[in-house]
2 protein chains.
Amino acid sequence: MSAARSTRQRDVIARVLHDAEGPLAVGDVLARARTDLPALGVATVYRTLKLLTEQGRIHPVTLDGETRYEPSGKGHHHHFSCTGCGRVFTLHTCPVALPSGTVYPGGFVVEAHEVTLYGRCPECVQGQRAG
Amino acid sequence: MSAARSTRQRDVIARVLHDAEGPLAVGDVLARARTDLPALGVATVYRTLKLLTEQGRIHPVTLDGETRYEPSGKGHHHHFSCTGCGRVFTLHTCPVALPSGTVYPGGFVVEAHEVTLYGRCPECVQGQRAG
DNA sequence: ATTGGTGCAAAGACTTTGCAGTATT
DNA sequence: AATACTGCAAAGTCTTTGCACCAAT
């Protein structure tokens with residue numbers, strides 16, 4: 001069988017995602033990874049994101065019209081999209097109580113939920129990053 | 001100044017969105033509108049969606065990686081994405097209590113929130129549409 | 001030494017734009 | 001009659017794929 005090899009590119013991309021404050025878009029991953037690997041190609045980023053997704057190590061999150069990626073295994077969490085700087089943060093508190101199996105008015109059986117909060121991140125509240 | 005004209009295409013597209021069970025993707029709009037206007041072109045759909053958005057009559061919603069559009073003025077609501085048939089429904093009940101201005105742990109000031117529920121719609125629960 | 005991985009460039013998919021004919025005002 | 005709107009096709013943008021060279025095993 002084909003074994004997935006360990007390469008510098010994959011390590012860096014995985015680390016970039018792991019160290020991020022929240023899910024990153026392809027462009028973010030590319031930019032941050034190029035700090036260590038200036039010659040990194042876009043195709044490699046797409047291929048690696050696909051591979052990591054298939055391996056279940058990361059997964060896509062859609063937010064504000066773009067697909068972002070975050071490491072799996074973070075447990076139940078949600079996202080905060082800052083209207084000031086545009087960054088997306090991971091939040092570990094959940095504002096809803098909807099156990100899987102809950103039946104919503106109308107007969108909708110809920111299996112999972114996703115919450116996105118919009119507002120100002122701490123830095124933007126203090127005017128450090130607003131723009 | 002340039003006045004936006006009333007055309008059959010625009011009327012049909014606006015009606016399709018208005019009559020929908022939830023936000024529609026470009027392809028859905030095109031398919032449904034073509035029932036009345038077989039010759040409708042994709043470009044017109046894109047242009048009309050953009051126009052209606054600028055007029056504030058509709059607005060985009062991103063869900064599962066695709067952009068969908070829904071009429072504005074529906075009041076506070078959320079969405080239910082059916083894992084069976086893939087359709088997205090509008091829900092008028094809100095499972096969270098997060099008034100604008102709430103400060104989330106970490107110092108995040110919440111201005112708005114979005115909730116997406118995933119599960120089985122009534123039809124899919126009854127096996128009528130599952131696939 | 002093998003063979004999977006990478007970067008580049010070409011190919012796809014989706015969205016926007018240019019243009020000439022059409023329809024609304 | 002004037003001019004905004006439409007459909008088609010070309011042009012963009014983003015993502016995927018093909019290929020020759022490179023690197024991990």
Side-chain angles (χ1 to χ4, degrees), chain A residues 1-18 20 23-70 81 86 88, chain B residues 1-18 23-70 81 86-88:
Chain A
M1 59 167 281
S2 57
R5 291 182 183 173
S6 165
T7 68
R8 187 138 166 55
Q9 288 82 344
R10 290 180 183 172
D11 293 344
V12 171
I13 292 173
R15 181 178 52 64
V16 162
L17 287 168
H18 192 263
L24 302 181
V26 175
D28 300 324
V29 175
L30 185 63
R32 299 187 189 192
R34 277 187 173 161
T35 300
D36 293 306
L37 294 168
L40 181 63
V42 209
T44 298
V45 174
Y46 280 107
R47 279 186 286 230
T48 302
L49 291 175
K50 191 184 176 194
L51 174 72
L52 294 175
T53 300
E54 287 166 354
Q55 294 180 331
R57 295 177 54 193
I58 65 171
H59 59 95
V61 178
T62 305
L63 231 132
D64 297 314
E66 46 174 26
T67 302
R68 289 165 170 269
Y69 293 84
E70 69 182 358
S81 176
V88 176
Chain B
M1 59 167 277
S2 58
R5 291 180 180 174
S6 164
T7 68
R8 187 140 167 55
Q9 286 83 344
R10 290 179 184 173
D11 293 345
V12 172
I13 291 172
R15 181 177 53 62
V16 162
L17 286 169
H18 191 264
L24 302 180
V26 175
D28 300 324
V29 175
L30 185 64
R32 298 187 190 191
R34 276 186 173 162
T35 301
D36 293 306
L37 294 168
L40 179 65
V42 207
T44 298
V45 174
Y46 280 105
R47 280 188 286 231
T48 301
L49 291 174
K50 190 185 176 192
L51 175 72
L52 294 174
T53 299
E54 287 167 354
Q55 294 179 333
R57 295 177 54 193
I58 66 173
H59 59 97
V61 178
T62 304
L63 231 133
D64 297 314
E66 48 174 23
T67 303
R68 289 166 170 269
Y69 293 84
E70 69 181 359
S81 176
R87 289 182 297 173
V88 176

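Within every chain, numbering begins at 1; the chains are lettered A, B, ... in the order of the sequence lines, protein sequences first and strands thereafter.
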For [X] and [N], give me the distance from atom [atom1] to atom [atom2], rounded to whole Å.
| X | N | atom1 | atom2 | value |
| --- | --- | --- | --- | --- |
| B:Gln55 | D:dC5 | CD | C1' | 14 Å |
| A:Leu51 | D:dT17 | CG | P | 14 Å |
| A:Glu66 | D:dC14 | CD | C1' | 12 Å |
| A:Asp11 | C:dT6 | CG | P | 10 Å |
| A:Glu54 | C:dG4 | CD | P | 15 Å |
| B:Ile13 | D:dC5 | CD1 | P | 13 Å |
| B:Tyr69 | C:dC14 | OH | P | 15 Å |

Q: Identify whether the distance between the nearest side-chain nitrogen and carboxylate oxygen of A:Arg68 and A:Asp28 falls below 4.0 Å.
A: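 Judged by the 4.0 Å cut-off on N to carboxylate O distance, A:Arg68 and A:Asp28 do form a salt bridge.
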Q.
Ignoring hydrogens, what is the shortest heavy-atom contact between B:Asp64 and B:Ser81? Give both atom names and the distance.
A.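 Nearest heavy atoms, B:Asp64 then B:Ser81: OD2-OG, 3.1 Å.
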Q: Looking only at non-hydrogen atoms, find the nearest pair between B:Arg34 and B:Gly41 and report the distance.
A: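 Of all heavy-atom pairs spanning B:Arg34 and B:Gly41, the closest is NH2-CA, 4.3 Å.
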Q.
C:dT6, OP1 or OP2 - any side-chain N/O from A:Arg10 closer than 4.0 Å?
A.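 Indeed, a polar side-chain atom of A:Arg10 lies that close.
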(Q) Quick check on D:dA23: is either OP1 or OP2 less than 4.0 Å from any side-chain nitrogen or oxygen of A:Thr7? (A)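 Answer no for this pair, as no side-chain N or O of A:Thr7 is under 4.0 Å from OP1 or OP2.
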Please list, for nucleotides 1-3 of chain C, all pairs of protein and nucleotide N/O atoms separated by less than 3.5 Å.
| residue | atom | partner | partner atom | Å |
| --- | --- | --- | --- | --- |
| C:dT3 | O2 | A:Arg5 | NH1 | 3.2 |
| C:dT3 | O2 | A:Arg5 | NH2 | 2.8 |

In the structure I gave you, are the side-chain heavy atoms of [X] and [Y] within less than 4.5 Å of one another anywhere?
| X | Y | result |
| --- | --- | --- |
| B:Leu51 | B:Gln55 | yes |
| B:Tyr69 | B:Pro60 | yes |
| B:Leu40 | B:Leu30 | yes |
| B:Glu70 | B:Val88 | no |

Q. What distance do B:Ile13 atom CD1 and B:Leu24 atom CG have between them, rounded to the nearest 0.5 Å?
A.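 These two atoms lie 11.5 Å from each other.
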Q.
Using 0.5 Å steps for rounding, measure from the CG atom of B:Leu37 to the OG1 atom of B:Thr44.
A.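 Rounded to the nearest 0.5 Å, the CG-OG1 separation comes to 9.5 Å.
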Write out a two-atom table: protein N or O, nucleotide N or O from nucleotides 7-10 of chain C, distance below 3.5 Å.
| residue | atom | partner | partner atom | Å |
| --- | --- | --- | --- | --- |
| C:dG7 | OP1 | A:Ala39 | O | 3.3 |
| C:dG7 | OP2 | A:Gly41 | N | 3.2 |
| C:dG7 | OP2 | A:Thr44 | OG1 | 2.2 |
| C:dG7 | N7 | A:Arg47 | NH2 | 2.8 |
| C:dG7 | O6 | A:Arg47 | NH1 | 3.4 |
| C:dG7 | O6 | A:Arg47 | NH2 | 3.2 |

Q.
Quick check on DNA chain C: between B:Thr67 and B:Ser6, whose nearest nucleotide comes earlier from the 5' end?
A.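 The 5'-side residue here is B:Thr67.
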